[in-house]
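For ligands, and for the atoms within them, numbers begin at 1 and follow the listed sequence.
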Amino acid sequence: MNFHLKSFKELRYLLDNHDITAVELTQHFLARAKKVEGEINSYITLCEKEALEQAEAAQKRIDAGDIAPMTGIPVAIKDNICTKGVRTSCGSKMLDTFIAPYDATVVAALKAQGAVILGKNNMDEFAMGASTTTSYYGTCRNPYDISRVPGGSSGGSAACVSAGLAPASLGSDTGGSIRQPASFCGVTGLKPTYGRVSRYGLVAFASSLDQIGPIAKSARDCAYLLDAITYDDGHDMTLAKGLAPLGDIFDKDISGKKIGLPKEFFAEGIAPQVKEAVMSAVLKYKEMGCEIVDVSLPSLPYAIAAYYLIASAEASSNLARYDGVKYGHRSGEGDTFEEVLINTRNEGFGDEVKRRILLGTYALSSGYFDAYYKKATLLREKIRKEYEAIFEECDVILTPTAPDTAFKIGEKSDDPTQMYLADICTVTVNIAGLPAISVPCGNDSEGMPIGFSLVGKAFDEAVILNMADKYERVSERVLSDYMLQD
Ligand code: GLN
């Protein structure tokens, strides 16, 4: 049976109906992963033993009728989300030996429901990147063409769903790291509103921008998984209070919805094939009775600069905890604390992480603070206000998810600015703390997937998920060859 093609709802039915056991389902995904991981490399750690134990426990719950939405259903987790007793490496040598002593809130919530954790997904080191080529554990490859990147930094989470190695996964998104790899790998990815999903146990990159979210084969599955991880255990004080599960959101009509198209997102620099595919999605919405409104986000040209200053400044502070004493790697070289510290960081961090720490430290240093960091925070306010103005006349905003489709492995690696510019369509959403979902909308002439994004008002996940679902229902998705293999 092609269980990897099934939705969460279908898997729930099969499990509850005793057509398949949780152990068989888990074995199905583990076997698929073992077969193709040599080519894809979407997992850093495959948790075979733990997953089978969790599946056995889940089956007991199913047999006893104690069933939650995720009981017995396998998922994969990005390797910057803590999983008790299992290595949480962040794709870095620095945390190669770090076994998380506790579960992140999202993982605890999944486990409480009886979900099965298949493994920990590959990622750019410390979630810094857009290609998943900076991982200490090797490059992850795109299931549509293994000579190309899966996007990043949650490239492993997207590739593993796209190749049918897990029904869905969790990624994290600081500047696009759920949506961009989802679009490169032909799957659906949701970055929730800042404050919807607990960040407790997510290894911090840029705390004011980070959010955990689902990557799945459809908007419906994203909603299913989002509900499963929306849980407040009091450990994240930035979490919004009183959040209710989404519930039945897919029966609402979307005709009359106003979709804003910000002209800056369709300007020069966006590949013609991407523009064309995104505009044909816009046409589909028109046919479904939506109204298209031309809008503008004038600060977009400054967004990359603002994002890289804010994100790197926060990263330089967050990554100060890796000193060779508290966590992970410690250099054996050096006689004083300072020498060990310097050697530890030198050996433990890769080039991109070092670059961000340097950039962030520079932007925060006295004398440059006003010129860089402060200016970036002013831009952040401006971008927020520009989004607010758009949402006065629109229900959602539609943009390309990335300026181009998946590039060749190594193509942008020598020039960081090229890699950074690839984030132009996603970073403003994090800067403004808004929810956004990337949906596949066709393939380029070489078969690589293209995605568009729907950005919603804060906490309007129900609206963008429903609108994404309506599009998915009238469009066809080209699956990867890996997904189509038995
Ligand atoms: N590509 C962006 C960066 O490198 C986004 C990363 C992310 O969202 N984690 O910072």
Table please: side-chain donor-acceptor pairs of residues 301-310 below 3.5 Å, with sequence neighbours left out.
{"unit_1": "Tyr308", "atom_1": "OH", "unit_2": "Asp423", "atom_2": "OD2", "d": "2.5"}

Run the side-chain donor-acceptor check on residues 346-354: report pairs under 3.5 Å with partners two or more places apart or on a different chain.
{"unit_1": "Asn346", "atom_1": "OD1", "unit_2": "Lys354", "atom_2": "NZ", "d": "3.2"}
{"unit_1": "Glu347", "atom_1": "OE1", "unit_2": "His329", "atom_2": "NE2", "d": "2.8"}
{"unit_1": "Glu347", "atom_1": "OE1", "unit_2": "Ser331", "atom_2": "OG", "d": "3.4"}
{"unit_1": "Glu347", "atom_1": "OE2", "unit_2": "Ser331", "atom_2": "OG", "d": "2.8"}
{"unit_1": "Glu352", "atom_1": "OE1", "unit_2": "Arg355", "atom_2": "NH1", "d": "2.3"}
{"unit_1": "Glu352", "atom_1": "OE2", "unit_2": "Arg356", "atom_2": "NE", "d": "2.7"}
{"unit_1": "Glu352", "atom_1": "OE2", "unit_2": "Arg356", "atom_2": "NH2", "d": "3.2"}
{"unit_1": "Glu352", "atom_1": "OE2", "unit_2": "Tyr420", "atom_2": "OH", "d": "2.6"}
{"unit_1": "Lys354", "atom_1": "NZ", "unit_2": "Asn346", "atom_2": "O", "d": "2.8"}
{"unit_1": "Lys354", "atom_1": "NZ", "unit_2": "Phe349", "atom_2": "O", "d": "3.3"}

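- Defined by atom type and a distance below 3.5 Å, a donor-acceptor pair is present between the side-chain atoms of Arg477 and Thr188.
- Nearest heavy atoms, Leu165 versus Leu118: O-CD1, 3.7 Å.
- Using modelled atom types, one finds no donor on one side chain facing an acceptor on the other under 3.5 Å when comparing Glu446 with Tyr144.
- Partners of Glu276 by salt bridge (Lys or Arg N to Asp or Glu O under 4.0 Å), not counting sequence neighbours: none found.
- For ligand 1, the 4.0 Å heavy-atom shell contains residues Ala127, Met128, Gly129, Ala130, Ser153, Asp173, Thr174, Gly175, Gly176, Ser177, Phe205, Tyr307, Tyr308, Arg356, Asp423.
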